[in-house]
Amino acid sequence: MASLFEIGKTGVQAYRQALSVTGQNIANINTEGYNKRRADVSEVAGVTGGPTNVSDQSGLGVRVSNVRRSFDAYLADKTRTSQSDFEMLNDFVSKLSDLENMLLPSGSDLGVFIGRFFDTLQDVASNPDSISARAVSLEAGRALTSAFNNYDEQLKNFKSNSLRQVDIKITEANLYINQLVEINKLIATSGTSDASNDVLDARDKLLIDLSKLLNFTVDYADTGEAIVRLGDSGNGAFLINRSKGSVITSASDDKNISLIINEGGGKKTAGIYSSGIISGISNFYNLVDSVSSEISKLAEQFSNDVNEI
């Protein structure tokens with residue numbers, strides 16, 4: 001039979017440990033990726049009685065049975081989805097602002113050059129014998145041609161920069177995938193549900209970082225290993241399948257950037273990925289191609305109409 005002193009001693013030890021968990025939570029309040037923890041306290045049952053006596057029903061005190069993370073898979077998924085959507089829109093809007101500044105610079109956009117050219121033609125029509133009016137008109141025509149060429153060159157630069165940025169972000173995504181595979185291996189070696197809290201925090205932090213680049217769904221094995229599939233459907237290409245990770249590469253044509261997922265030597269087109277920075281860059285690349293096509297059509301129509309006149 002445990003003495004009152006021994007029972008009290010277990011209580012002091014258990015709640016001292018629980019206070020240490022609370023102190024750890026306070027100390028890490030600003031630590032990125034840290035999940036709040038909580039100590040579960042349970043009774044230490046009394047000893048079983050022998051063949052001639054009854055077991056002691058008063059018990060032997062209390063102990064900390066587990067230190068758990070405050071983690072909710074549903075909320076974690078919503079956080080990643082929101083993060084992915086934000087990063088995609090934020091990157092796209094930033095690039096859109098650069099494109100707008102290029103297309104519509106103050107006082108010197110393409111419409112201004114076209115207007116000046118037609119104004120000089122009007123001067124030539126009013127003074128057909130004026131050599132200076134003709135010279136000014138020719139100069140305005142050269143300036144307009146230069147403006148069209150400059151727009152074309154800058155739009156090509158936007159597209160080439162987008163391709164470089166996609167390559168950089170894909171390299172970053174592959175790094176996160178490799179790190180998550182290593183985390184999965186650590187979780188697998190720890191046994192069923194026994195992975196340390198800091199390892200699980202590292203897993204969730206890497207998933208958040210990866211969600212900034214791409215949108216994906218996550219399932220968890222019984223041991224806590226992450227199984228990651230690209231896109232929102234849950235049926236996309238595997239990025240991570242427990243201890244196996246895929247390698248992402250890109251392909252592009254004049255209009256689109258596509259992702260290729262290399263799963264164990266086999267290549268698979270990524271399909272729909274609608275969020276994340278890589279998606280924002282891809283959307284911008286497509287938009288720039290559309291704008292470039294419209295300006296090219298305008299230049300062709302303008303030159304044909306002027307020549308015909």
Side-chain angles (χ1 to χ4, degrees), residues 17-18 20-40 42 63-84 87 168-231 234-249 259 261-266 268 270 273 276-278:
Q17 186 175 353
S20 296
V21 173
T22 301
Q24 181 76 351
N25 291 335
I26 295 172
N28 287 279
I29 191 169
N30 292 318
T31 301
E32 188 176 5
Y34 180 86
N35 284 278
K36 186 177 73 172
R37 283 128 199 209
R38 161 186 154 175
D40 291 336
S42 62
R63 66 182 173 190
V64 173
S65 57
N66 191 24
V67 177
R68 292 187 300 162
R69 297 189 313 147
S70 296
F71 175 76
D72 186 290
Y74 174 78
L75 293 179
D77 179 67
K78 290 298 181 184
T79 299
R80 289 191 299 268
T81 299
S82 299
Q83 183 75 60
S84 191
E87 294 294 341
I168 291 171
K169 295 304 178 182
I170 285 177
T171 299
E172 191 176 339
N174 285 328
L175 178 62
Y176 290 142
I177 289 172
N178 290 337
Q179 291 176 337
L180 280 163
V181 167
E182 295 303 315
I183 291 290
N184 276 351
K185 290 177 181 178
L186 283 176
I187 293 173
T189 57
S190 65
T192 304
S193 303
D194 287 334
S196 63
N197 289 324
D198 57 339
V199 170
L200 296 177
D201 281 350
R203 178 201 66 187
D204 296 334
K205 172 65 169 56
L206 286 170
L207 288 172
I208 282 288
D209 290 337
L210 183 59
S211 72
K212 296 176 183 179
L213 305 175
L214 291 164
N215 62 314
F216 51 81
T217 57
V218 181
D219 291 319
Y220 299 99
D222 293 337
T223 53
E225 299 158 276
I227 302 170
V228 182
R229 305 186 73 146
L230 186 63
N235 298 314
F238 280 106
L239 297 180
I240 302 166
N241 190 0
R242 298 197 180 205
S243 62
K244 297 179 181 178
S246 299
V247 177
I248 305 173
T249 57
L259 297 185
I261 308 300
N262 300 273
E263 296 181 34
K268 181 183 292 185
Y273 58 102
I277 292 176
I278 294 176

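From a predicted model like this one, the values you see are computed outputs, not experimental measurements. Just the heavy atoms: all of them, side chains too, but no hydrogens, waters or symmetry mates, feed the values below.
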Colleague: Might you point out which heavy atoms bring Leu186 and Thr189 nearest each other, and give the distance in Å?
Modeller: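 Reported closest heavy-atom pair: O-OG1, 2.8 Å.
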Colleague: Report the residues that fulfil side-chain hydrogen bond (donor to acceptor under 3.5 Å, both in side chains) with Asn28, sequence neighbours left out, ordered by chain and then residue number.
Modeller: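 Partners of Asn28 under the side-chain hydrogen bond (donor to acceptor under 3.5 Å, both in side chains) test: Thr31.
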Colleague: Between Ile183 and Ala202, which heavy-atom pair has the shortest distance, and what is it?
Modeller: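 Where Ile183 meets Ala202 most closely, the heavy atoms are CD1-CB, 3.9 Å.
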Colleague: Return the set of residues passing side-chain hydrogen bond (donor to acceptor under 3.5 Å, both in side chains) with Thr79 (not counting sequence neighbours), or none when no residue passes.
Modeller: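 Scan of Thr79 (side-chain hydrogen bond (donor to acceptor under 3.5 Å, both in side chains), adjacent residues dropped) gives none.
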Colleague: Work out which heavy atom in Ala39 is nearest to a heavy atom in Val64; give both atom names and the distance.
Modeller: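 Heavy atoms only, the tightest pair is CB-CG1, 4.1 Å.
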Colleague: Tell me every residue that passes salt bridge (charged side-chain N to carboxylate O under 4.0 Å, His left out) with Glu225, counting only those two or more places apart in sequence or in another chain.
Modeller: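 With sequence neighbours excluded, Glu225 shows a salt bridge (charged side-chain N to carboxylate O under 4.0 Å, His left out) to Arg242, given in chain and number order.
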Colleague: Begin with the C-alpha distance, continue with both residues' side-chain angles, and end with the deciding distance and a verdict on side chain to side chain contact (heavy atoms under 4.5 Å, CB included) for Ile261 and Ile248.
Modeller: CA-CA 5 Å; Ile261 308 300; Ile248 305 173; 3.8 Å; yes
Colleague: Got a sec: does the CG of Leu75 have more than 12 other heavy atoms crowding it under 6.0 Å?
Modeller: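 Buried by this count: over 12 neighbours within 6.0 Å.
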Colleague: In plain terms, say whether Lys78 and Asp72 are close enough for a salt bridge, that is, a side-chain N and a carboxylate O under 4.0 Å apart.
Modeller: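 No, no charged N to carboxylate O under 4.0 Å.
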Colleague: In chain order, what residues pass the side-chain contact (heavy atoms from CB on, under 4.5 Å) check against Ser243, with sequence neighbours excluded?
Modeller: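 side-chain contact (heavy atoms from CB on, under 4.5 Å) list for Ser243, sorted by chain: Lys185.
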Colleague: Under the rule for side-chain contact (heavy atoms from CB on, under 4.5 Å), what residues qualify as partners of Gln83, not counting sequence neighbours?
Modeller: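 Only Phe86, Glu87, Ser211, Lys212 meet the side-chain contact (heavy atoms from CB on, under 4.5 Å) criterion with Gln83.
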Colleague: List in chain and number order the residues that pass side-chain contact (heavy atoms from CB on, under 4.5 Å) with Lys36, two or more places apart in sequence or in another chain; answer none if no residue qualifies.
Modeller: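 So Lys36 forms a side-chain contact (heavy atoms from CB on, under 4.5 Å) with Asn25, Ser70.
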Colleague: Using atom types as modelled and distance alone, determine if a side-chain donor or acceptor of Glu263 lies under 3.5 Å from a backbone N or O of Ala237.
Modeller: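 A pair under 3.5 Å: no.
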Colleague: Got a sec, which residues hit side-chain hydrogen bond (donor to acceptor under 3.5 Å, both in side chains) with Lys205, two or more places apart in sequence or on another chain?
Modeller: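 Lys205 satisfies side-chain hydrogen bond (donor to acceptor under 3.5 Å, both in side chains) with Asp209 only.
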Colleague: Once rounded to the nearest 0.5 Å, what's the spacing between atom CZ of Phe216 and atom CZ of Arg80?
Modeller: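 So the gap between those two atoms works out to 5.5 Å.
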Colleague: Show your working on side chain to side chain contact (heavy atoms under 4.5 Å, CB included) between Leu213 and Tyr176 and close with a plain yes or no.
Modeller: CA-CA 10 Å; Leu213 305 175; Tyr176 290 142; 3.9 Å; yes
Colleague: Does Asn184 use its side chain to pair, donor to acceptor, with the backbone of Ala226 at less than 3.5 Å?
Modeller: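 Yes; judged by distance alone, with no hydrogens or angles, the pair exists.
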Colleague: Rounded to the nearest 0.5 Å, what's the gap from CG on Leu206 to CD on Gln179? Could you check?
Modeller: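 Atom-to-atom, Leu206:CG and Gln179:CD are 5.0 Å apart.
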Colleague: Would you indicate whether the side-chain heavy atoms of Val67 and Arg38 approach each other to under 4.5 Å?
Modeller: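 They are not in side-chain contact.
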Colleague: Show the nearest heavy-atom pair for residues Ile177 and Leu239, with the distance to one decimal.
Modeller: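 For Ile177 versus Leu239, the nearest heavy atoms are CG2-O, 3.6 Å.
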Colleague: What distance do Leu214 atom CG and Ile277 atom CD1 have between them, rounded to the nearest 0.5 Å?
Modeller: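 The CD1 atom of Ile277 is 9.5 Å from CG of Leu214, to the nearest 0.5 Å.
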Colleague: Quick one: list whatever passes side-chain hydrogen bond (donor to acceptor under 3.5 Å, both in side chains) with Asn174, sequence neighbours left out.
Modeller: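 For Asn174, no residue satisfies side-chain hydrogen bond (donor to acceptor under 3.5 Å, both in side chains) once neighbours in sequence are set aside.
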Colleague: Taking side chain as C-beta onward, heavy atoms only, is Asn35 less than 4.5 Å from Leu200?
Modeller: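 Not touching, per the 4.5 Å side-chain cut-off.
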Colleague: Only counting residues at least two apart or in another chain, list the ones meeting salt bridge (charged side-chain N to carboxylate O under 4.0 Å, His left out) with Asp204.
Modeller: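 Asp204 satisfies salt bridge (charged side-chain N to carboxylate O under 4.0 Å, His left out) with Arg69 only.
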Colleague: In chain order, what residues pass the side-chain contact (heavy atoms from CB on, under 4.5 Å) check against Asn66, with sequence neighbours excluded?
Modeller: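 By the side-chain contact (heavy atoms from CB on, under 4.5 Å) rule, Asn66 matches Asp40, Arg68.
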Colleague: Ile227 versus Phe238: any side-chain heavy-atom pair under 4.5 Å?
Modeller: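 Ile227 reaches Phe238 side chain to side chain.
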Colleague: Indicate yes or no: at least one non-hydrogen side-chain atom of Arg37 is less than 4.5 angstrom from one of Asp201.
Modeller: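 A side-chain contact under 4.5 Å exists here.
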Colleague: For residues Asp77 and Val218, determine if any side-chain heavy atom of one lies less than 4.5 Å from a side-chain heavy atom of the other.
Modeller: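 In short, these two side chains do not touch, never coming nearer than 4.5 Å.
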Colleague: Would Ile170 and Thr249 count as a side chain to side chain contact (heavy atoms under 4.5 Å, CB included) if you check the C-alpha gap in whole Å, the side-chain angles of each, and the deciding distance to 0.1 Å?
Modeller: CA-CA 7 Å; Ile170 285 177; Thr249 57; 5.7 Å; no
Colleague: Between the side chain of Arg229 and the main-chain N/O of Gly236, is any donor-acceptor distance below 3.5 Å?
Modeller: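 Flag set: sc Arg229 to bb Gly236 pair under 3.5 Å.
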Colleague: Can you list the residues that meet the salt bridge (charged side-chain N to carboxylate O under 4.0 Å, His left out) rule with Arg203, with sequence neighbours excluded?
Modeller: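 Listed in chain order: nothing, the list is empty.
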